[in-house]
Amino acid sequence: MSTPASHEAHVHAHAREPLTVATVRFAGDSGDGMQLTGSQFAHEVAWAGNDLATLPNYPAEIRAPAGTLYGVSSYQIQFGSIPVFTPGDQLDALVAMNPAALKVHLPDLKPGGILIVNRDAFVPRNLQKAGYESNPLDDPTLRERYRLIDIEISTLTHRAVEGLGLSHKEAERCKNFFALGVVSWLFNRPVEPVLAWLGKKFANRPELREANARALKAGLAFADTLELIGPAYDVAPAHLPPGLYRRISGNQALALGLLAAAHRSGLVMLYGSYPITPASDVLHEMARLRNFRVRTFQAEDEIAAVGAAIGAAFGGGIGVCGTSGPGLALKSEAIGLAVMTELPIVVVDVQRGGPSTGLPTRTEQADLLQAMYGRNGECPVVVLAPATPGDCFHMAFEAVRIALEHMTPVLLLTDGYLGNGSEPWRIPELDSLPEIRPPWAEDPETFAPYARDPETLARRWAPAGRPGFEHRIGGLEKQDGTGNVSYDPDNHDHMVRVREEKVRRVAREIPPLEVQGADEGEVLVVGWGSTYGAIHVAVSRAQARGHAVSAVHLRHLNPFPPDLGPLLGRFRRVLVPEINRGQLLRMLRAEFLVDAVGFNRVRGLPLHAAEIEQAIEQLLEPGARTGAGSRADSGQGADA
Amino acid sequence: MSTPASHEAHVHAHAREPLTVATVRFAGDSGDGMQLTGSQFAHEVAWAGNDLATLPNYPAEIRAPAGTLYGVSSYQIQFGSIPVFTPGDQLDALVAMNPAALKVHLPDLKPGGILIVNRDAFVPRNLQKAGYESNPLDDPTLRERYRLIDIEISTLTHRAVEGLGLSHKEAERCKNFFALGVVSWLFNRPVEPVLAWLGKKFANRPELREANARALKAGLAFADTLELIGPAYDVAPAHLPPGLYRRISGNQALALGLLAAAHRSGLVMLYGSYPITPASDVLHEMARLRNFRVRTFQAEDEIAAVGAAIGAAFGGGIGVCGTSGPGLALKSEAIGLAVMTELPIVVVDVQRGGPSTGLPTRTEQADLLQAMYGRNGECPVVVLAPATPGDCFHMAFEAVRIALEHMTPVLLLTDGYLGNGSEPWRIPELDSLPEIRPPWAEDPETFAPYARDPETLARRWAPAGRPGFEHRIGGLEKQDGTGNVSYDPDNHDHMVRVREEKVRRVAREIPPLEVQGADEGEVLVVGWGSTYGAIHVAVSRAQARGHAVSAVHLRHLNPFPPDLGPLLGRFRRVLVPEINRGQLLRMLRAEFLVDAVGFNRVRGLPLHAAEIEQAIEQLLEPGARTGAGSRADSGQGADA
Amino acid sequence: MTSTTARLTRKDFASDQDVRWCPGCGDYAILRAVQNTLPELGVPREKIVFISGIGCSSRFPYYMNTYGFHTIHGRAPTIATGLKLTDPELVVFVITGDGDGLSIGGNHLLHVLRRNVNLNILLFNNRIYGLTKGQYSPTSEQGKVTKSTPYGSIDRPLDPIRVALGANATWIARTIDRFVPHMQQMLRRAVAHPGTAFLEIYQNCNIFNDGAFAELTDKRTRSDNVLEVEHGKPLRFGSPEAPKALRLSCLDVEIATCDPETGACADPWIYDATDPRHASLLTALEHPPYPVPIGVLLERQAPEFVASHLAQEREVIERLGPGDLAAMLRGHDTWRVE
Amino acid sequence: MTSTTARLTRKDFASDQDVRWCPGCGDYAILRAVQNTLPELGVPREKIVFISGIGCSSRFPYYMNTYGFHTIHGRAPTIATGLKLTDPELVVFVITGDGDGLSIGGNHLLHVLRRNVNLNILLFNNRIYGLTKGQYSPTSEQGKVTKSTPYGSIDRPLDPIRVALGANATWIARTIDRFVPHMQQMLRRAVAHPGTAFLEIYQNCNIFNDGAFAELTDKRTRSDNVLEVEHGKPLRFGSPEAPKALRLSCLDVEIATCDPETGACADPWIYDATDPRHASLLTALEHPPYPVPIGVLLERQAPEFVASHLAQEREVIERLGPGDLAAMLRGHDTWRVE
Ligand SMILES: Cc1ncc(C[n+]2csc(CCOP(=O)(O)OP(=O)(O)O)c2C)c(N)n1
Ligand SMILES: Cc1ncc(C[n+]2csc(CCOP(=O)(O)OP(=O)(O)O)c2C)c(N)n1
Ligand code: SF4
Ligand code: SF4
Ligand SMILES: [Mg+2]
Ligand SMILES: [Mg+2]
């Protein structure tokens, strides 16, 4: 459905105020279909040519009991005619399908923001479950503070679908499309893609297609015809670089990046995984790729999954395994085996809230040091991290490339926000993908399992099955060159250094850092992973205020880009915002002895641009704290 | 056998030169009994009142084929009339029971050192296996460079045991006692404890007792009567602090420390373990303690072992599990559970050479960062490390105390050298052991699972089984206080900080650092773990040369002692010698932004005092390298 | 606050936490059955512990007002073993799922069964990964289309009961979420067994694998599909109108029809739950055409692990005397420095 | 350098590494048997892979001049599975021990067996941990005194064969290190089996558990203690002077004496290796008084995992056409920005 962004917008009589960006959140019960509604709205705004970023947020329960606070599920989207880097901090509009959703999410709505509620759900039982003593809709302050659009959504939905022979439950399930209709009207987003989707989705259930379409249109009509609404908005298409676009989530992009690398290298790819939130979707995506000869293996546990990946690499395939933090912990020992045997595997960690089971459906960046050091012995691996959902494609490709060309395990750190979040993605040309050239063993006469490429130090790869290269490898220390088991003390010291240097040499291929702003100044903000958007926005704003602030975002965490050290030296202060307690911070301080400070919030949520902006401001103040360094903001923590 | 150190020394007519310290190594085939011989000699020197340190070194094979280079097993001991801190760098005397042992160990013998060989073993087959083209004993340079004592040990042993009805094999097995006799005579060490040991050991095989005793005495007599030997030595007793002493290995001391803590706290101790070199001996020691009600559980794997320890802690016992690096990797996820549930367990890691299976029988210090960071999420634990074999007792006790009083997992890092090495140990008075006071939950009315002690932030402990305190815990994030599952973002941030702060507050109980030397100066050498002795000697020597060098040895690695930062600031340079690639170094640099440099050799062996001394000298030179910091000595590494 | 056992009721065992399973989930019935059964045991609340792994099923402990521990995926048996070794008096339940217990946790299950630790293991088998939203599990039937197997799974499934037999288990039973009284009876007998009691519970996941056991629970089909096993009794099933029984002819098992009038069957298989050969033959039968057996399939005596440990402890103390710490610290060879 | 299969001999399969087991270890005989058998298979050397875990036994790959991988403790089946999925043509052996395969690696063994991946698993059972110097293992007999059980072990042992039966294995056999021709026969048949072949090999550890199988291998006692099973043949054992046979009377097995003159036995048990009930009954018998069965105890056909995977791959390609990467990248909904 390749449609020009200059599509015919839904035409309304209503006067519309232009907006450059808007942030909308849909919130309701887990059973209310908020994830679907949000993603359909994202679909609309993408189709309308806006840039966008999304943030799904759902409880760990599969179907939490209706009406409870912990059962609230939400989906947030920021979209605009300008580049959009985050799903937004504060909300311009909130849809609250029940009292619990109102209770949980109202604090995030801007003063004067639009608040759409389903009045039908504000019945005593639900109010009580949400902990309301009285009906908040009857509280006049609500109307004073916000632009309340108070609709009997259930009633109107039932009315709209009457006569289609739906059960009460089925009819009730359409109410999210009514809400979507209202929001689509408010922001003048086209509903055509939703109607098309309904057509495909319910090809075999025409009554459901029709019902949902009717609910959607009823919502549109309700908003359009009734005059209670006040101003409506329009958001012009964004000026994205030209090309063909789609909307993509990080987990999807990751799967496609792996697939592209398999295609480019012409090797069999084996994806071994044990399901775990929020990484399971990568497995689901990969499992669909049977006709690409991608092989998936749902293993009995994470150890078996990485084992299978290692086996694949021994057999000349691309061994990949994906998991989240607890699974990475379990894989530690086996990753060490891949380091010792210098086999190319890629381990994906879609990070979630920890420690332990933690907050399984939330996002976090607290596995970086685990990725770096969570193995016995000196056990270096390459560590990469994409910055946005779409970047997951490129970094997944890069991870496979580095693993194969350098004969090393690569750890790829994404997180729940990147994995589930989505953005418009310019579809890459296949030809633009770099080649992948593993260091194949070529001559059986001179072959030795640990003979190395002098440039990369990668050992030569001779997969099982190739005549003339029969050899044995294993987890015991190896004699360099021959690969025989060696207990020689000096050889061990040498090999420890070789493994380190081999990883370090990957730095030779890291492209120059792209600095947002001048490459010297007062404050450099250094980030990695999913904080990219928030940092970008915060720095842009600070720059707009005239501050000498720049940002750099690391996609290579080990080794560091070679130009990072010099860059750090050209700024008076360095700020490292992370969704952890200062892990990249610790690495930078140890490596470059730079008195960087952290901005750390570990709330299971993306950082807000505003709070980073504030941290930058603080650092710019004369006499800003120094020295306390890695523990800059930790003192007040333990208020127990 | 409580014997005064002023025992009656074996009296010989021979003139003896006094020595303050000597280093001797016994080396031979795995089957030659070198570990036994060495430890019997250690027994002698301990009995003679010397201070001592030992270094066993054996191949990973159980019984490597006779005569091979990789099958050589050795046992080194340094002993003296002055305090002894290491097993010694270069050897004063080497016993080489076969050509392979000579080949492997000769490079470590001092010029002019004593070299005792069993000529009978220098037959063509053995020479060939050791890679000798001709018999090295016939090479005159050997006699020129060393004081060669070339004995037909096998022949003389067979002669000595004639008539006892031993098989050829049995008779041959006695030859190590002949060698022990020669060495005992040379250094004038008393053989009485060996004779006593033989009496006990072979209580039921009097012919073997007699044979070994005869071989020992034959060695003594041979050395005493034949004039070929040159000077003999004597080593006066050391001036150790008064008290009752025994010789102890680190693994034994560790087991006793755990036992003492169980005794002191009055709680059940459960030691769960899966065998792994070099930690298995701790399990073996603990398994003997059934009559102390210590319970051991040989688990199906390391995860089950730590699981059992966690279960014990939930039931109000002391949960301990012991392993080595690969096992610690496997326990990562479960340790995270103990962090989240704030249960007191102790995890012992007797570190060995890594990564992966690595060098299983060798020593290393490369699990420090794994101990610190090898878990998903922000997952702080207390990390301790003993400095000497005897110190394993105290730090094991301390580990249990901290775990119980602070309700936190404690990781105790020893290593293969500490575990297998031994030293004289002053037996502590039971009354001198501190009390252990867990934060028991006391009042069911006010009890909440995550209610905390305001001082330590430890939560109250209410083990399963106690009436009135029924509660549920688990790996999901907890609401502070109630302990209920909580997905609240701010609570999560708060709890992450509380867990961090709880561990940090352990620092309040760390005694002031003991600095070896002045507490300011040119160079501070910072060490941890088994490098204590080598650093101590190196620093003493540098001090003796008049350099302003001091040393401090960390037994608490997380949190750091509170006075460490200020101390670091009072020295111009900081040197961190480690048997890894700079792990403590990285922690110090990140925490204190100090431009420390590392001295790193990862050879599977203890560091030598001499090389540390040299590193100190280099740092004292004007214009010594700076800045390169954590990578100070790594550049030349990758010579591939 | 000390709980006395006499007056406890179902409610005393319900915690103050909202139950967070999907409406309609089979887990609710199991929770109810457990809460109903516990008061009958006469065990004080504080002596009861629920230990679970991870999965929908593993949230169980939160809802019990006893001691409870929601641990990590697959490891509950190890934690339960450590707990029992520390405090043998506790009555410990292990709650696990088909993924938790048989996929990631299969090895711990194997070893706890062979050791025969006195635990009550309840494996909620819904033949799917519920909590991770619907991937196939080791008990899912071949060909199953799930999120991770869009073209159908190719793995051959495990039968938990046969795994337990292979592990040399001492007590093995099966029940179904809908059969509450049967479940309660199984629970009582599990607790009574002095060793590891392994109870598989077929549990409907109405979200991701709805109807997996519908044939067994549906009123119309149930009697033909479910066989309730009792030790020493004939293996009968079928409706009152068409009663049936299994007949064992040496190694072969046939389905025999019985007399609908009198209910009499010629020579039915009299089940011997103490004989592993019976369990082995019965559970090897394929359904359909054979019915699915529920009830106690195996029950035999063997030394219990913790009891053996304690007996050894007592023995060693008797033989060597209670440990003397000072002597232990001294060891065998000491010397005094003045 | 390309190896041709025709001329290969035992020596071609010996690597240049010194063998590092203790002199007298049973592992030597197994190595020899494998090296003797491989040339007969007609498989080129480069297509053969040995994958092991950790243990004395697991050093095996170093001595084979094929591809080899000495992995980590207990995980060899996972690596072998990944390898086979990547290159299904390889003939893959998994070498494991009673600790490696049944203690830390028990779960992977369970799952590889149920999946029926075409691997040849050789489990060297010496009933002890050799490499870590003598602790008891999951197959050690109860009461065993070892370094970690100075007062005797209290664990009930596992029988590897029964574990494999519980895991729904398709090919199960046992042999003994000393019985080299028998072992070679088992190896050949293992390789021939198109699925997971599980071969337990009793192996003497002369250092830490010497004589564990002495009764079975000692010339004087062997015939009374070992029963060589063959499909379709009567289960006979005993010396020529006192021949015996097993007799199956429904579920019960008796030891029947046969006629020493004619060798004739009345109504011996004719073993059916394709019938799991036979394997189950036979392996449940306790030794002594019953003999220890060796040979192929179970052999049945079932879909092989990798073959099923490839078949599904072909099917999907047929149905959907080969994957089109550009189309896949585009997905369903795109828009163009000019
Ligand atoms: C180490 C680890 N790996 C994976 C997961 C993700 N996970 C949670 S529950 C589960 C499986 C649940 O299936 P089952 O045990 O059958 O329980 P159910 O939800 O069906 O009751 C998985 C894979 C996890 N929590 N931890
Ligand atoms: C993760 C891990 N845990 C423990 C060990 C130590 N370990 C090596 S081999 C072994 C057991 C060996 O027993 P088995 O498998 O029976 O082999 P055998 O030596 O008897 O042939 C153990 C516990 C290890 N190498 N890795
Ligand atoms: S997903 Fe299935 S098993 Fe889990 S709570 Fe819902 S219905 Fe129950
Ligand atoms: S320890 Fe035992 S199993 Fe290991 S090599 Fe020696 S004899 Fe063989
Ligand atoms: Mg399940
Ligand atoms: Mg073994």
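In what follows, chains carry the letters A, B, and so on, assigned in the order in which the sequence lines appear, proteins first and then strands, with residues in each chain numbered from 1. Just so it is clear, the model here is predicted, and its values are computed rather than measured.
Side chain of A:Asn291 to main chain of D:Gly321: a donor-acceptor pair is present (N/O by atom type, distance under 3.5 Å, no hydrogens or angles). Side chain of D:Tyr67 to backbone of A:Arg466: a donor-acceptor contact under 3.5 angstrom is found. Between the A:Arg290 side chain and the D:Gln312 main chain, no donor and acceptor come within less than 3.5 Å of each other.
Residue A:His263 touches chain D through its side chain alone, counting heavy-atom pairs closer than 4.5 Å. For A:Pro424, the parts lying near chain D are the backbone and the side chain together; criterion is any non-hydrogen pair under 4.5 Å. For D:Thr66, the part lying under 4.5 angstrom from a heavy atom of chain A is the backbone only. Neither the backbone nor the side chain of D:Ile48 comes within contact range of chain A; no heavy atom of the residue lies under 4.5 Å from a heavy atom of that chain. No part of D:Glu318 comes within reach of chain A, as not one of its non-hydrogen atoms sits under 4.5 angstrom from that chain. Heavy atoms closer than 4.5 Å to chain D are found in the side chain of A:Leu270, but not in its backbone. Contacts between D:Leu90 and chain A at a heavy-atom distance below 4.5 Å involve the side chain alone, from C-beta outward. Residue contact with chain D, scored on non-hydrogen atoms closer than 4.5 Å, involves the side chain of A:Leu430 exclusively. D:Ala326 touches chain A through backbone and side chain together, each having a heavy atom under 4.5 Å away. Looking at D:Arg319, there are no atoms closer than 4.5 Å to chain A (heavy atoms on both sides), in backbone or side chain. With a 4.5 Å cut-off on non-hydrogen atoms, D:Phe50 does not touch chain A at all. Heavy atoms closer than 4.5 Å to chain D are found in both the backbone and the side chain of A:Pro428.
Between chain D and the residues A:Thr341, A:Ile303, A:Ile310, the most heavy-atom pairs under 4.5 angstrom are made by A:Ile303. Interface check for chain D: of the options A:His239, A:Arg246, A:Glu333, A:Arg426, the most heavy-atom pairs under 4.5 Å are formed by A:Arg246. Between chain D and the options A:Ala464, A:Gly317, A:Pro241, the largest number of non-hydrogen pairs under 4.5 Å is found for A:Ala464. For the set A:Leu337, A:Ile318, A:Ile473, the count of heavy-atom pairs under 4.5 angstrom toward chain D peaks at A:Ile473. For the set A:Ala462, A:Gly315, A:Ala304, the count of heavy-atom pairs under 4.5 angstrom toward chain D peaks at A:Ala304. Ranked by non-hydrogen atom pairs under 4.5 Å with chain D, the options A:Gly465, A:Gly474, A:Gly336, A:Ala309 are led by A:Gly465. Among the candidates D:Val49, D:Asp16, D:Thr81, D:Leu85, the residue making the largest number of heavy-atom pairs closer than 4.5 Å to chain A is D:Leu85.
Residue-level contacts of residues 254-262 of chain A with chain D, in order of numbering, are A:Leu256, A:Leu259, A:Ala260; threshold 4.5 Å between heavy atoms.
Closest non-hydrogen pair, D:His108 versus A:Asp301, comes out as CE1-OD1, 3.5 Å.
Residue pairs meeting the salt bridge (Lys or Arg N to Asp or Glu O under 4.0 Å) criterion with at least one member in residues 78-94 of chain D, sequence neighbours excluded: D:Lys47-D:Glu89. Sorted by first then second residue, the salt bridge (Lys or Arg N to Asp or Glu O under 4.0 Å) pairs that include residues 57-78 of chain D, not counting sequence neighbours, are B:Glu61-D:Arg59.
With sequence neighbours left out, the salt bridge (Lys or Arg N to Asp or Glu O under 4.0 Å) criterion links A:Arg264 to no other residue.
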> When you look at A:Phe314 and D:Thr71, which way does the side chain to side chain contact (heavy atoms under 4.5 Å, CB included) test go after all the steps?
Replying inline: CA-CA 11 Å; A:Phe314 189 60; D:Thr71 72; over 6 Å; no
